[in-house]
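For reference, the structure is listed below as structure tokens.
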Protein chains: 2
Amino acid sequence: MPLNPADLPSLGSAPTASEIIVKHIREAIVSGAFDEGEFIRQDDVAKLFDVSKIPVREALKRLEAEGLVEFHRNRGAVVASISEPEIAQIFEVRAILESNAIKLSVPKMTPNTLKRAKEYCDAFAQETNVARWSELNWQFHSCLYEDADRPFLLNLIRSVNDRIERYLRIQLTLCGGTGPDEREHRQILAACKKGDADKAAEILHQHITKTCESLLMNLRK
Amino acid sequence: MPLNPADLPSLGSAPTASEIIVKHIREAIVSGAFDEGEFIRQDDVAKLFDVSKIPVREALKRLEAEGLVEFHRNRGAVVASISEPEIAQIFEVRAILESNAIKLSVPKMTPNTLKRAKEYCDAFAQETNVARWSELNWQFHSCLYEDADRPFLLNLIRSVNDRIERYLRIQLTLCGGTGPDEREHRQILAACKKGDADKAAEILHQHITKTCESLLMNLRK
DNA sequence: GAATAAAATATCGTATCCAATATCACATTA
DNA sequence: TAATGTGATATTGGATACGATATTTTATTC
């Protein structure tokens with residue numbers, strides 16, 4: 001049998017209440033639907049999903065481990081607020097991880113991946129909706145790392161990205177415009193097409209660093 | 001008052017039951033006290049700490065997010081077992097993160113840090129107890145990254161290390177001997193003393209890669 | 001008005017219960 | 001005998017109700 005039975009049950013069965021809640025709250029935080037520092041009331045969430053508080057508390061504990069919420073003892077969970085130095089450090093880690101990921105990916109990159117990346121890039125250039133823009137941005141970035149075939153690294157990159165996406169969206173909502181981003185994306189893509197892994201990594205590193213600087217500048221105003 | 005009262009309660013007050021349980025189970029998994037794939041029964045843990053199931057379940061959800069346990073639906077939590085390719089990927093990420101961390105740290109490294117690192121290194125060379133050896137190994141490594149002043153990066157490195165420490169300990173228990181490790185530690189230390197950040201990063205990268213190869217070899221037998 | 005006391009609110013945790021499901025031993029059948 | 005079906009059991013996932021504790025807000029007193 002080609003399938004390992006031990007791996008299937010957790011994948012095949014319906015998600016638990018706590019899993020569903022984790023997913024929704026994570027999405028709400030990442031997308032910026034919650035305000036920074038806003039309290040997430042257990043009772044409110046429980047009523048919203050029509051469940052008891054137990055799965056809600058489990059969900060919040062999980063999100064705490066992901067760095068998306070913080071617990072204040074006997075006061076509850078708040079949407080994690082990230083200081084400027086922390087944002088800078090998270091972007092720094094992004095630059096490190098993603099430049100290494102693309103370096104591993106480029107030598108194995110398929111024409112199909114390049115085609116998909118170009119499509120995301122084109123769609124990204126035309127999009128005006130913030131949520132969709134953010135989605136396409138991630139699609140573009142992550143598909144450049146996929147051929148590296150490093151699921152652990154890719155999951156880590158996703159988790160690190162989740163922590164700062166709300167700030168990127170806030171910036172974009174306030175300031176609009178993705179001009180320099182698109183140009184840099186095309187440069188990265190060109191380096192990938194040429195098979196120049198080091199060049200792609202270098203541009204990507206600069207791209208992420210620049211995004212961070214721009215974000216911090218806009219956040220300070 | 002120089003302190004913000006809102007930030008204190010979570011730091012100053014006694015940990016919650018769930019926090020205590022997280023800490024103990026994490027330690028038990030990391031240290032290898034649990035067998036890989038072993039079920040962690042909610043009732044057993046609850047009785048052990050003399051609490052109800054709720055804080056236990058919250059603790060297990062947290063550890064799931066950290067990658068230390070896996071849930072099998074309606075069967076419970078098991079100690080996460082990591083496949084060989086996953087181990088290789090985790091070590092690869094370690095090499096990436098830690099070599100970058102030491103690169104950031106070396107230019108700012110204080111004489112005191114170098115002194116502490118040497119002490120850990122010396123103690124490491126004489127130690128025979130596995131748990132203590134592992135502790136000193138981490139102390140040595142992490143103190144080399146501290147002067148970088150990047151708490152987010154350091155926490156990430158710790159979390160990644162936690163996932164594989166149980167395998168390192170198993171290897172050490174079975175095979176003993178830390179000869180090559182100690183020599184490489186001294187080489188890293190020498191590069192740090194000289195202020196050669198790139199050299200330190202390079203040796204560290206090789207050191208971690210070699211540790212991984214050696215671990216996989218021993219695990220396969 | 002400032003300091004203290006009391007009430008309201010929400011979390012953290014307990015105890016008990018129930019339903020769904022996975023496992024295992026056993027019985028049945030081909 | 002081997003494969004399949006069938007309970008019995010155990011454990012999880014979750015509900016409910018309650019108590020304890022800590023924080024915030026309101027009210028009261030000086």
Side-chain angles (χ1 to χ4, degrees), chain A residues 1 3-25 29 34-35 37-65 68-81, chain B residues 1 3-25 29 34-35 37-65 68-81:
Chain A
M1 183 156 48
L3 297 172
N4 180 359
D7 294 341
L8 289 175
S10 62
L11 300 170
S13 55
T16 64
S18 125
E19 283 166 352
I20 294 171
I21 296 168
V22 164
K23 210 170 144 187
H24 279 82
I25 299 187
I29 293 175
F34 281 125
D35 286 336
E38 181 176 350
F39 272 90
I40 304 177
R41 299 281 164 218
Q42 300 177 358
D43 286 332
D44 295 351
V45 178
K47 266 176 209 149
L48 199 63
F49 290 92
D50 196 31
V51 295
S52 76
K53 289 188 299 187
I54 283 106
V56 177
R57 285 167 61 169
E58 288 170 5
L60 290 173
K61 280 290 171 189
R62 216 202 176 274
L63 293 168
E64 184 194 20
L68 295 178
V69 311
E70 290 166 1
F71 275 83
H72 289 210
R73 185 173 172 80
N74 290 314
R75 294 195 49 219
V78 301
V79 177
S81 62
Chain B
M1 185 157 45
L3 297 170
N4 180 0
D7 295 339
L8 288 176
S10 61
L11 302 170
S13 54
T16 64
S18 117
E19 284 167 349
I20 294 171
I21 296 168
V22 165
K23 210 170 144 187
H24 278 81
I25 299 187
I29 293 176
F34 280 126
D35 286 336
E38 181 176 351
F39 272 89
I40 303 177
R41 301 278 167 223
Q42 298 177 1
D43 286 336
D44 294 351
V45 178
K47 265 176 209 148
L48 199 62
F49 289 91
D50 196 31
V51 295
S52 73
K53 289 192 306 183
I54 282 95
V56 175
R57 285 169 59 170
E58 288 170 6
L60 290 173
K61 282 289 171 189
R62 238 221 104 136
L63 294 167
E64 185 194 21
L68 294 178
V69 311
E70 290 166 1
F71 275 82
H72 290 210
R73 187 173 168 82
N74 291 315
R75 295 195 49 221
V78 301
V79 177
S81 62

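Here is how names work: the chains are called A, B, and so on, in the same order as the sequence lines, proteins then strands, and each is numbered from 1.
One atom, CZ of Phe71(A), and another, C1' of dG13(C), lie 14 Å apart when rounded to the nearest Å. Remark: P of dT24(D) and CZ of Phe39(A) are 8 Å apart, rounded to the nearest angstrom. Atom CZ of Arg62(B) is separated from atom P of dC12(C) by 13 Å (rounded to the nearest Å). In this structure, NZ of Lys61(A) is placed 19 Å from C1' of dG14(D), rounded to the nearest angstrom. Distance CD1 (Ile54(A)) to P (dG13(C)): 13 Å, rounded to an integer number of Å. Rounded to whole Å, atom P of dT11(D) lies 17 Å from atom NE2 of His72(B). Straight-line distance from the CG atom of Asp43(B) to the P atom of dA10(D): 12 Å, rounded to whole Å. In this entry the distance linking CD of Glu70(A) with C1' of dT11(C) reads 17 Å, nearest Å.
Shortest non-hydrogen contact noted between Phe39(B) and Arg75(B) is CZ-NH2, 2.9 Å. Ser18(B) and Ala59(B) make their closest contact through O-CB, 3.8 Å (heavy atoms, listed as atom of the first residue, atom of the second, distance).
When each of Lys53(B) and Asn74(A) is assigned the nucleotide of DNA chain C bearing its nearest heavy atom, the one mapping closer to the 5' terminus is Asn74(A).
With distances taken from any side-chain atom of Glu58(A) to the nucleotides dT11(D), dG14(D), dG13(C), the minimum falls on dG14(D). Taking every side-chain heavy atom of Ser18(B) into account, dG13(C) is the closest of dT23(C), dG14(D), dG13(C).
Interatomic distance, Glu64(B) CD to Arg62(A) CZ, rounded to the nearest 0.5 Å: 4.5 Å. Taking CD of Glu19(B) as the reference point, atom CD of Glu58(B) lies at 10.0 Å (rounded to 0.5 Å).
Contact annotation for Arg57(B): base contact, defined as any heavy-atom pair under 4.0 Å involving a base atom.
Considering only side-chain N and O atoms, Arg73(B) lies nowhere under 4.0 angstrom from the phosphate OP1 or OP2 of dT12(D).
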